[in-house]
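In what follows, chains carry the letters A, B, and so on, assigned in the order in which the sequence lines appear, proteins first and then strands, with residues in each chain numbered from 1.
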Number of protein chains: 2
Amino acid sequence: MSQDGVDLKTSLGYLLKEASSALRVAMEEVLRPLGMTVTHYSCLELLAQRPGLSNSELARGAFVTRQSMNVLLQALERDGYVTRPAAAPVGKVLPTRLTPRGRRSLEKATVAVRSVEVRMLSGLTGPDQDGAFRILQSMIHSLREGG
Amino acid sequence: MSQDGVDLKTSLGYLLKEASSALRVAMEEVLRPLGMTVTHYSCLELLAQRPGLSNSELARGAFVTRQSMNVLLQALERDGYVTRPAAAPVGKVLPTRLTPRGRRSLEKATVAVRSVEVRMLSGLTGPDQDGAFRILQSMIHSLREGG
DNA sequence: TGACTCATGTCAGTATTCTGACATAGCCTG
DNA sequence: CAGGCTATGTCAGAATACTGACATGAGTCA
């Protein structure tokens, strides 16, 4: 590698992408032994916190399209991690729920992922940890209002 | 959508992913009219800042595999945005450079992307902008040392 | 009631990225 | 010099996510 940081390291966008990439790599690393991908885990975690979420809601929560989430859900259902009613109770929305097996699988994953999060925060002081939340929330808000 | 934020909004990992996703969406939005993807732009920007970068170095800088970067480079070379020598001057490394056309194309994209970055920072005070850099760099560093 | 709009679930095809594998070049150590 | 180790470029196949499209159900409004 030549020399680092002519201008890139002064770009917050690049830094954000770099951090996100590092987080993804670290998560994949701890989830792989459990036979789980990041999206896989995200889906289960979302369902644990808000049982009955629909396919589209899960997709938004995991930052993928509803089509992608649909194929994941079909696999998770086939393997017995989640259940969906055959027919929609109301409208077309199929509320999804974790099975006991899904819950057990999630528990191990949560421990692993939490360790990554702890590591990520380990270099930050208390005020900086609070600052991280505030700053990221501000960025998200600013990026989403009119382009 | 049910209710937001039982626990997810208190997870810095989730927030980081959310911010990164919002940034990606915003960048795709301004780059699409220019017929450019984010990875496409990243590659050109890297080459502008450090001419002569190899395929593998570009891949690391854009956070993709060298195989993915290779197919992108082949397309960019075919379309006349970059050039690579037919034979390696030393070893197997093929130094890549922007063509005038690539430079022109990048200029427009840089303006568009910079506007996104400005928007992202618009809600932050000066100290918070400095804090953002320091915090993200700390996270990256912590995530990369031994898992 | 009927038309319009929006959101959902799902199917099909496409595109992009990744994993696995191979040959080769440079580095370094004995 | 020989061997091992690492990094590179590249090819091929698999996995993953996306775009486009369709039918259906809910909500709104005249």
J.: Among the nucleotides dT8(D), dC18(C), dT10(C), which one has an atom lying closest to any side-chain atom of T65(B)?
T.: dC18(C)
J.: Which of residues 17-24 of chain B sit near DNA chain D, with a heavy atom under 4.0 Å from it?
T.: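 Under 4.0 Å from DNA chain D: no residue of residues 17-24 of chain B.
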J.: What heavy-atom pair brings T83(B) and T99(B) nearest, and what distance separates the two atoms?
T.: CG2-CG2, 3.4 Å
J.: Should Y81(A) and V71(A) be regarded as members of a common hydrophobic cluster, given that ILVMFWY residues are connected when their side-chain heavy atoms come within less than 4.5 Å of each other, either directly or indirectly?
T.: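 No, because Y81(A) and V71(A) fall into different hydrophobic clusters, even though each may have its own neighbours under 4.5 Å.
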J.: Given dT10(D), is OP1 or OP2 found less than 4.0 Å from the side-chain N or O atoms of R84(B)?
T.: yes
J.: Considering only dG9(D), dT10(C), dT8(C), which nucleotide approaches the side chain of R60(A) most closely?
T.: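 Per side-chain heavy atoms of R60(A), the pick is dT8(C).
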J.: Could you state the atom-to-atom distance from CG of L53(B) to P of dT8(D) in whole Å?
T.: 11 Å
J.: Verify the contact: side-chain N or O of R66(B) to OP1 or OP2 of dT19(C), cut-off strictly under 4.0 Å; return yes or no.
T.: no
J.: Do you know which two heavy atoms are closest between L31(B) and T37(B), and how far apart they sit?
T.: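 Answer, listing the atom of L31(B) first, then T37(B): CD1-O, 3.8 Å.
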J.: Between R24(A) and E28(A), does at least one N-O distance fall below 4.0 Å, as a salt bridge requires?
T.: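 Salt bridge present between R24(A) and E28(A).
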J.: Taking OP1 and OP2 of dT16(C), is either one under 4.0 Å from a side-chain nitrogen or oxygen of S68(B)?
T.: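 The answer is no; no side-chain N or O of S68(B) sits under 4.0 Å from OP1 or OP2.
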J.: Compare the minimum distances between each of dG9(C), dG9(D), dC18(C) and the side chain of N55(B), then state the nucleotide with the smallest one.
T.: dG9(D)
J.: If I compare all heavy atoms of I140(A) with all of L15(B), which pair ends up nearest, and what's the gap?
T.: CD1-O, 3.8 Å
J.: With a 4.0 Å limit, can you tell me whether T39(A) has a side-chain N or O closer than that to the phosphate oxygens OP1/OP2 of dA17(D)?
T.: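 Yes.
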J.: Whole angstroms only, please: what is the CE-P distance between M69(B) and dA7(D)?
T.: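 After rounding, the reported distance stands at 18 Å.
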J.: Using heavy atoms to find the nearest nucleotide of DNA chain D for L72(A) and G91(A) separately, return the residue whose nucleotide is more 5′.
T.: L72(A)
J.: Give a yes or no on whether R103(B) atom CZ has more than 12 heavy-atom contacts from other residues, nucleotides or ligands under 6.0 Å away.
T.: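 Buried by this count: over 12 neighbours within 6.0 Å.
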J.: Specify the closest pair of heavy atoms between R101(A) and G80(A), including all atoms of both residues, with the distance to one decimal.
T.: CB-O, 3.7 Å
J.: In this structure, how many angstroms lie between the C1' atom of dA17(D) and the CG atom of N70(A), rounded?
T.: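 After rounding, the reported distance stands at 13 Å.
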J.: Heavy atoms only, 4.0 Å cut-off, all strands: where does T37(B) land among base, sugar-phosphate and nothing?
T.: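 T37(B): no heavy atom of the nucleic acid under 4.0 Å.
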J.: Return no unless some side-chain N or O of Q74(B) is found under 4.0 Å from OP1 or OP2 of dC11(D).
T.: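 Result: yes.
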J.: Measure the distance from CD on E57(B) to P on dG9(D) and round it to the nearest whole Å.
T.: 8 Å
J.: Quick check for you: among dT10(C), dG9(C), dT8(D), whose closest atom lies nearest to any side-chain atom of K92(B)?
T.: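 For the K92(B) side chain, the nearest candidate turns out to be dT8(D).
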J.: What integer distance in Å separates L73(B):CG from dC11(D):C1'?
T.: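 Atom CG in L73(B) sits about 16 Å away from atom C1' in dC11(D).
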J.: To the side chain of Q67(A), which of dG26(C), dG9(C), dT10(C) is closest?
T.: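 Of the options given, the side chain of Q67(A) lies nearest dT10(C).
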J.: Could you tell me the separation between the CG atom of L94(B) and the P atom of dG26(C), rounded to a whole number of Å?
T.: 13 Å
J.: Return the value, rounded to whole Å, for the distance between atom CG of L58(B) and atom P of dT8(D).
T.: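 About 11 Å, once rounded to whole Å.
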J.: Of all the nucleotides listed (dG26(C), dA21(C), dG9(D)), which has the minimum atom distance to the side chain of S56(B)?
T.: dG9(D)
J.: Do V25(B) and R144(A) have side-chain heavy atoms sitting under 4.5 Å apart?
T.: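 V25(B) vs R144(A): side chains apart.
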